[in-house]
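Notes follow the structure.
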Amino acid sequence: MTLVAVSKLQPLDRIQQAVAAGHRDFGENYAQELRDKAAALTSVSDLRWHAIGPLQTNKAKYVAKVAHAFHALDRLEIAEALGGRRTANPLPCYLEVNVVGEASKTGVSLTEVDALFSRVREVPGLRVVGLMTMPPLEEPEACRAPFRALREAAARLGLTGLSMGTTHDFEVAIEEGATIVRVGRSIFGDRP
Ligand SMILES: *Cc1c(COP(=O)(O)O)cnc(C)c1O
């Protein structure tokens, strides 16, 4: 299980403190912020940047350049924009699923994810490694069913990666098989 420390909106020195403590996996939501932080920390050669937020095609170049993985793939256009820049070094990606169908959330539905997978798996320059979800901010226990549904969908597609669980619900996510959790506030405190 990998712990991604979500450092979005946190100043560089907070990341440096975590690096000094031995941490290497960091999550960022915004493409330009990711670009700038990665540029500032190139001296740490083994950092792994996880791009975890929704992405626009015109900003895909920033993610393609530095990311170790992309967690919010929900459109073919984004897959093509990323993959076109990673042909030599395919980018591991998670398909984002909006499991409970909240209108406000990004991601495809559980019924659309098979079609998305069959399209993006053909795109050169990326490798689909799993599924990702942001569950509703309800009681952590209420996230168990969506996490389980994500795990079942991944199994059906033959995918082993499960990016699920935040500060709010990571314990339940781990119980339900998360291979990678994305935790911000319980590591860094509230975002400024
Ligand atoms: C901000 C964010 C997280 C981390 O949330 P915390 O509440 O700080 O743990 C995880 N995943 C995504 C996609 C996020 O945007």
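Atoms within a ligand are numbered from 1 in the order they appear, just like the ligands themselves. The structure displayed is predicted, hence computed values, not measured ones.
Protein residues with any heavy atom under 4.0 Å from ligand 1: Val6, Lys8, Asn29, Ile52, Met132, Met134, Thr166, Thr167, Arg182, Val183, Gly184, Arg185, Arg191.
Put simply, the side chain of His71 never gets that close to the backbone of Met164: no donor and acceptor are under 3.5 Å apart. In terms of modelled atom types and a separation under 3.5 Å, the side chain of Arg86 and the main chain of Ala64 share a donor-acceptor contact. One N or O on the side chain of Thr179 and one on the backbone of Leu162 form a donor-acceptor pair closer than 3.5 Å.
Here the side chains of Leu47 and Phe26 are in contact, with some heavy-atom distance below 4.5 Å.
A cation-pi geometry, defined here as NZ or CZ lying under 6.0 Å from the six-membered ring centre and within 45° of its normal, does not hold between Arg14 and Phe188.
One hydrophobic cluster, built from ILVMFWY side chains closer than 4.5 Å, cannot hold both Met132 and Val172; they sit in different ones.
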